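Down below is the structure, laid out as structure tokens.
All residue numbers in this chain count up from 1 along the given sequence. Just so it is clear, the structure is predicted and the values come from calculations on it, not from any experiment. Below, each value reflects all heavy atoms present in this structure, side chains not excepted, and no hydrogens, waters or symmetry copies.
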Amino acid sequence: MGSTERPRVEASHDYTGPASFVDNQQCAACHQAQYQSWIGSHHDLAMQRANEETVLGDFNGASLSHYGVTSHFFKKDGSFFVNTENAEGNMADFEIKYTFGIDPLQQYLIEFPNGHYQALGIAWDTQPEEKGGQRWFHLYPKEKITHDDSLHWTGINQNWNFMCAECHSTNLKKNYDPLHGRYQTTWSEIDVSCQACHGPGSRHVEWAKSIGREKQLKGDLKNGLVVQLGDPDKSQWIMDEDAGTAKRSTPRKSKVQIETCARCHSRRRLISTNYEHGRPLLDTHHPSLLVESLYHTDGQIDDEVYVYGSFLQSRMYQEGVTCSNCHDPHSLKLRAPGNELCFQCHLPARFNTPSHHFHKLNSDGASCVACHMPSKLYMVLDARHDHSIRIPRPDLSIKLGTPNACNKCHTDRSTEWAAEAMDTWYGADWRNKGHFGEALHAGRNGLPGAEDALADLAGDLSQPNIARASALSLIRGPTSPQTQQVISIALYDDDPLVRTAALSALESLHPRERFQLAHHLLNDPVRAVRVEAGRVLATTPPELMSGTQRELLEKAAAQYIDAQRVNADRPEAHLNLGVFYAERGQFDDAEAAYRTALRLDPTFVPGLVNLADLYRMQQRDADGEILLREALEAAPDDATVHYSLGLLLVRTGHQTEAIEFFKHAATLQADDPRYSYVYAIALNSIGKPNAAVDVLKNAHQRHPYDREVLLALVTINRDRGKLDSAIEYAEALATLSPQDQSAQRLLQQLRSQQQP
């Protein structure tokens with residue numbers, strides 16, 4: 001790992017050919033002001049070699065104990081060391097090679113064989129002592145992370161090469177060799193320097209040499225730069241005195257600056273290593289949607305998401321605000337302190353008054369960001385602001401269980417109190433303002449009317465595109481003709497994130513229907529869309545396609561495979577390949593992919609379960625049982641393993657033994673009604689309908705809108721002669737699914753059987 005040889009700049013003065021990375025000092029020679037602003041910034045100090053100047057932690061015999069493991073920090077022969085638990089659970093000495101980050105914490109990287117670098121799970125709090133800093137702390141303070149846990153500092157989820165490297169150095173090449181499990185990771189600059197954002201600079205250097213400093217200062221746009229990060233339209237922000245807010249003189253046409261920042265300031269997955277500065281983000285990275293593991297249902301941050309997905313939701317983004325309107329791109333400092341930053345575009349006479357914020361002037365409650373950009377702590381002490389820049393909605397807290405800025409400050413008050421306070425300020429009508437979070441909440445929880453709500457959101461062009469895409473991702477069939485029409489239109493949407501999500505919404509359809517609706521996306525101009533099209537349309541029967549279409553499908557399928565191989569150091573990527581190959585009937589390739597996933601992580605439960613399922617397809621349940629028993633030993637509390645083993649035992653005639661595994665699955669994962677449903681069906685099949693109904697009733701109480709549970713309650717009650725109960729549940733099912741003709745017919749049949 002380390003810096004590659006610096007490219008030489010010859011005196012040919014050709015600034016039209018391919019660009020290459022140059023030494024950062026060549027940028028500094030002409031751009032001193034920008035360079036000086038960058039020096040000492042978080043980008044500059046993103047990663048450094050460990051030495052007396054860069055290491056901020058106490059390595060003078062300090063120690064930290066965490067769940068029985070005491071780590072010691074010391075120096076030896078001018079180097080920095082930690083004595084801590086290794087991958088086998090034993091204590092060992094490790095040398096610190098690099099520092100990672102600077103404020104409010106600093107992490108440390110340790111070198112392992114084959115080019116692997118791991119981030120230590122203990123970090124140094126760099127804040128002043130009076131703020132509680134200058135101490136060692138564990139990044140998982142309330143969890144016991146054992147040596148065999150993937151979150152252990154030696155584990156796969158703390159690997160620098162995959163998890164961190166791309167965004168902390170310039171021109172980073174991971175260079176993973178899957179055959180030998182080896183990294184040969186390189187960079188041009190150890191930190192986030194000029195060319196990380198502006199692109200390789202050799203052409204620009206040649207341009208400067210060929211035409212001289214005089215023309216450079218005139219802003220010649222053909223100056224050899226790979227990408228222009230400024231506003232190409234030179235738009236101005238003009239204050240509208242009546243509205244009290246500024247508006248752009250021209251609409252924002254370019255997303256280049258925002259998507260350049262989003263490459264790292266987003267929660268995303270890499271789909272191609274062929275990054276080109278200035279190209280659409282989705283050519284190489286696929287941003288996460290507003291999924292349950294990352295965002296609250298109303299889009300507020302939950303897990304660490306690095307702001308881009310939040311900013312896409314904001315009205316500021318819709319109005320044309322870019323990152324550099326608020327942040328200096330070189331120092332990374334805010335353009336102005338406190339509320340002064342917001343007053344660039346919001347008249348203080350209108351917004352810095354108690355009539356707007358209903359708090360005392362200069363109080364915490366009068367802070368713009370406190371109300372509109374509440375923060376959350378990550379990595380124990382790193383406060384990140386929510387960039388959706390939203391109006392506080394305590395009413396949504398009551399409806400959806402989401403947080404709100406009011407109660408973040410007024411922790412001793414209820415959400416009802418906060419909502420009533422807003423009633424006095426704005427009148428009760430403010431509660432009637434809809435929010436896309438209500439549709440996403442319905443979709444996540446399978447509530448009545450969820451499909452219609454999601455379809456309405458997906459088709460509403462006034463809503464943020466990331467919310468529309470998230471709605472599409474929650475639509476699961478069978479769907480009504482109206483919903484199918486919304487999905488069909490979304491396949492032609494201007495936003496590639498929406499088109500990609502619309503593809504995933506087609507998965508419940510027959511491959512023939514999918515292809516008819518979406519084959520045009522096999523040739524989409526954005527790679528992420530083609531990758532998803534290659535996956536979703538992969539099982540299209542060849543006879544449905546022309547020769548040209550078959551060629552396009554194979555190209556898109558190859559891009560999907562490449563997108564997984566980009567992350568060949570992760571078991572999840574090989575799991576995806578295994579599923580892809582299995583669906584196409586390429587069983588040997590599927591098995592090889594699953595085996596590779598398990599080689600990377602022998603306890604990777606999804607790999608074991610999916611390989612066992614592949615063996616099921618091949619009538620190899622005996623081999624599958626061995627795998628599932630291994631998975632059970634590795635993860636005894638994993639409901640999926642118990643469930644899968646139960647299904648296998650049913651297939652192999654061991655139904656009584658299977659019941660116990662279904663019971664464990666339903667107990668371990670009570671929030672998933674599918675496990676309770678299968679457990680109940682199994683009980684009913686061995687002549688225990690009363691026990692089955694008891695299980696289903698409990699599941700129905702927890703999940704009153706689950707269709708499978710309701711249908712089972714209908715049919716089992718009917719079969720055991722409890723017609724009134726069957727009708728009661730059938731009515732609930734028919735109300736829940738008014739467009740489901742089979743549910744309506746079932747209800748009619750039961751009513752016709754009632755005695756007059």
Side-chain angles (χ1 to χ4, degrees), residues 292 441-454 473-480 483 504-505 507-510 609 613 616 638-651 655 658-720 722-750:
E292 189 168 4
H441 178 78
R444 287 184 185 181
N445 294 282
L447 303 184
E451 181 186 321
D452 289 342
L454 291 170
S473 73
L474 289 170
I475 294 175
R476 291 293 179 263
T479 54
S480 68
T483 300
S504 70
E507 290 194 75
S508 64
L509 301 180
H510 187 277
V609 170
D613 192 56
R616 173 192 62 79
D638 192 307
T640 306
V641 179
H642 287 273
Y643 173 72
S644 300
L645 189 51
L647 292 177
L648 184 147
L649 291 169
V650 168
R651 291 194 301 272
Q655 198 155 349
I659 293 290
E660 288 303 308
F661 287 102
F662 290 142
K663 179 180 179 180
H664 283 305
T667 303
L668 289 167
Q669 200 72 34
D671 59 349
D672 189 335
R674 176 69 179 172
Y675 295 128
S676 295
Y677 166 78
V678 172
Y679 175 39
I681 295 301
L683 286 170
N684 189 56
S685 70
I686 61 170
K688 295 184 176 182
N690 293 339
V693 168
D694 288 342
V695 170
L696 290 168
K697 283 182 176 179
N698 287 331
H700 179 59
Q701 288 179 345
R702 293 191 302 270
H703 311 281
Y705 307 116
D706 187 82
R707 291 168 175 79
E708 282 190 324
V709 170
L710 278 170
L711 182 59
L713 281 166
V714 173
T715 55
I716 294 177
N717 275 300
R718 178 198 62 193
D719 294 344
R720 68 180 186 147
K722 303 289 185 179
L723 195 58
D724 289 345
S725 294
I727 290 174
E728 177 187 347
Y729 291 117
E731 289 173 342
L733 181 63
T735 302
L736 182 63
S737 307
Q739 297 175 340
D740 185 345
Q741 295 303 311
S742 62
Q744 305 300 325
R745 285 194 298 270
L746 178 60
L747 177 59
Q748 292 172 5
Q749 290 169 1
L750 292 170

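- Salt bridge Lys697/Asp694: absent, no basic N to carboxylate O contact under 4.0 Å.
- No donor-acceptor contact under 3.5 angstrom links the side chains of Glu451 and Thr479, judged on distance only.
- The structure places CZ of Arg444 at 7.0 Å from CG of Leu474, a figure rounded to the nearest 0.5 Å.
- Thr715 approaches Ala712 most closely through the heavy-atom pair OG1-O, 3.2 Å.
- Heavy atoms only, all atoms of each residue included: Ser504 and Ser473 are closest at OG-CA, 4.0 Å.
- Here the shortest heavy-atom pairing between Arg720 and Pro689 reads CD-CB, 4.5 Å.
- The heavy-atom pair separating Leu747 from Ala734 by the smallest distance is CD2-CB, 3.9 Å.
- Once rounded to the nearest 0.5 Å, the distance linking CD of Gln669 with OG1 of Thr640 reads 7.0 Å.
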Discussion item. Could you walk me through whether Val709 and Arg674 satisfy the side chain to side chain contact (heavy atoms under 4.5 Å, CB included) test, starting with their C-alpha distance in whole Å, then the side-chain angles of each, then the deciding distance to 0.1 Å, before giving a yes or no?
Written reply: CA-CA 8 Å; Val709 170; Arg674 176 69 179 172; over 6 Å; no
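- Within the 4.5 Å cutoff, the side chain of Thr483 has heavy atoms near those of the Ile475 side chain.
- Using a 4.5 Å cut-off on side-chain heavy atoms (C-beta onward), Asp706 and His700 make no contact.
- In this structure, the ring of His642 has its center no less than 6.0 angstrom from the ring center of Tyr675.
- Taking the side chain as every heavy atom from C-beta outward, Arg702 and Ser676 approach each other to under 4.5 Å.
- Scanning all heavy atoms of the two residues, the minimum distance from Leu736 to Pro448 falls at CD1-CG, 3.4 Å.
- The side-chain heavy atoms of Asn717 and Glu728, taken from C-beta on, include no pair separated by under 4.5 Å.
- You'll find the side chain of Leu746 reaches within 4.5 Å of the side chain of Leu711, heavy atoms only.
- Tyr643 is not listed as a side-chain neighbour of Phe661, based on a closest heavy-atom distance of 4.5 Å or more.
- Once rounded to the nearest 0.5 Å, the distance linking CZ of Arg718 with CG of Leu713 reads 12.5 Å.
- Rounded to the nearest 0.5 angstrom, Gln655 CD and Ser685 OG are separated by 4.0 Å.
- The backbone N or O of His441 lies less than 3.5 Å from a partner atom in the side chain of Asn445, making a donor-acceptor pair.
- Each of Leu649, Ile681, Leu683, Leu647 was compared with Phe662 under the side-chain contact (heavy atoms from CB on, under 4.5 Å) criterion, and only Leu647 meets it.
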Practice prompt. Could you go through the side chain to side chain contact (heavy atoms under 4.5 Å, CB included) check for Leu696 and Ile716 one step at a time?
Written response: CA-CA 10 Å; Leu696 290 168; Ile716 294 177; 3.8 Å; yes
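- By the 4.5 Å heavy-atom criterion applied to side chains, Leu710 and His703 are not counted as neighbours.
- Within the 4.5 Å cutoff, the side chain of Ile659 has heavy atoms near those of the Tyr679 side chain.
- With values rounded to the nearest 0.5 angstrom, Leu733 atom CG is found 7.5 Å from Ser742 atom OG.
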